[in-house]
Amino acid sequence: MNIVKWLDKNLELMILAFLLAVMSVLSFTNVIMRYCFHSALSWSDEICCYCLALSAFFSLPCAVRMGTSIRVDTFTTMLPKQVQKAVEQVCSVAMILFLVFLLKGTLGIVENAAKVGQASPALRIPLARIYSVMGVAVLLGILRYVQMLVLGLRKHSGEGGEA
């Protein structure tokens, strides 16, 4: 059970840390190869580009989990606390619906890339695999919003619950 709790709190952070480490090591290695050995790695820029894109997608569930999403709350701070909580719940439901729409579009893109057999230029990685990882990140964002919605409802009803 401790592993599940640890993953609940750290999964996205570990994924983001891994992607950052890969980008840093490959970029540093490529700079050394280019300037010291006059021979650059042809594929490292491609991997760094995909890591950067994936980190953007995995930042969403991380921000939701940590409660650090960017939002304009000027209007809602003037409302009573009960109304603020209700508005927050409505916004969470709206985000879930938006992410479901985004996930549906992502699945369509994965399907099209798989049909065509599209592959990355340098490493020939099937782009359907890369796009499907983005779908996993969006799905994780949906799950995090649902988790925060349920925790907010529990907290509101007095059951408690820890984020």
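Keep in mind that the numbers below use all heavy atoms, side chains included, and drop hydrogens, waters and symmetry copies. Count residues from 1 along the sequence.
With sequence neighbours left out, the salt bridge (Lys or Arg N to Asp or Glu O under 4.0 Å) criterion links Lys81 to no other residue.
In this structure, Lys85 and Lys155 have side chains that are not in contact, with every pair of non-hydrogen atoms separated by 4.5 Å or more. Thr29 is not listed as a side-chain neighbour of Ser44, based on a closest heavy-atom distance of 4.5 Å or more. Residues Ile142 and Val100 are in side-chain contact: their nearest non-hydrogen atoms beyond the backbone lie under 4.5 Å apart.
If you chain together hydrophobic residues whose side chains sit under 4.5 Å apart, Leu16 and Val22 fall into the same group. Both Phe57 and Met14 are part of a single hydrophobic cluster, where members link through side-chain heavy atoms under 4.5 Å apart. If you chain together hydrophobic residues whose side chains sit under 4.5 Å apart, Tyr50 and Leu26 fall into the same group. A continuous path of ILVMFWY side-chain contacts below 4.5 Å connects Leu149 to Phe98, so both sit in one hydrophobic cluster. Note on Val93 and Val90: separate hydrophobic clusters, where clusters join Ile, Leu, Val, Met, Phe, Trp and Tyr whose side-chain heavy atoms are under 4.5 Å apart, directly or indirectly.
Environment of CE in Met33: crowded, with over 12 heavy atoms of neighbouring residues, nucleotides or ligands closer than 6.0 Å.
Distance check, rounded to the nearest 0.5 Å: CG of Leu143 to CG of Leu99 gives 10.5 Å. Put simply, CG on Leu103 and CE on Met134 are 13.5 Å apart, with the number rounded to the nearest 0.5 Å. Leu20 contributes atom CG, which lies 12.0 Å from atom CG of Leu13 (distance to the nearest 0.5 angstrom). Atom CG of Leu19 is separated from atom OG of Ser55 by 6.0 Å, given to the nearest 0.5 angstrom. Interatomic distance, CZ of Arg65 versus CG of Asn10, reported as 8.5 Å (0.5 Å rounding). We find the SG-CE distance between Cys51 and Met23 to be 6.0 Å, quoted to the nearest 0.5 Å.
Under a 4.5 Å side-chain heavy-atom cut-off, the cluster of Ile, Leu, Val, Met, Phe, Trp and Tyr residues that includes Phe75 is completed by Met78, Leu79, Val83, Val87.
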Mind listing the side-chain donor-acceptor pairs of residues 125-133 below 3.5 Å, one per line with the distance, residues two or more places apart or on another chain?
unit_1: Ser132; atom_1: OG; unit_2: Ala128; atom_2: O; d: 3.2
unit_1: Ser132; atom_1: OG; unit_2: Arg129; atom_2: O; d: 2.6

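Closest approach of Asp8 to Gln147, counting heavy atoms only: OD1-NE2, 2.9 Å. Between Pro61 and Glu12, the shortest heavy-atom distance links the atoms CB-OE2, 3.6 Å. For Glu46 against Ala122, the heavy-atom pair with the smallest separation is OE1-N, 2.7 Å.
Formation of a donor-acceptor pair under 3.5 Å by the Gln84 side chain with backbone atoms of Thr76 is found in this model. Side chain of Asn30 to backbone of Leu41: a donor-acceptor contact under 3.5 angstrom is found.
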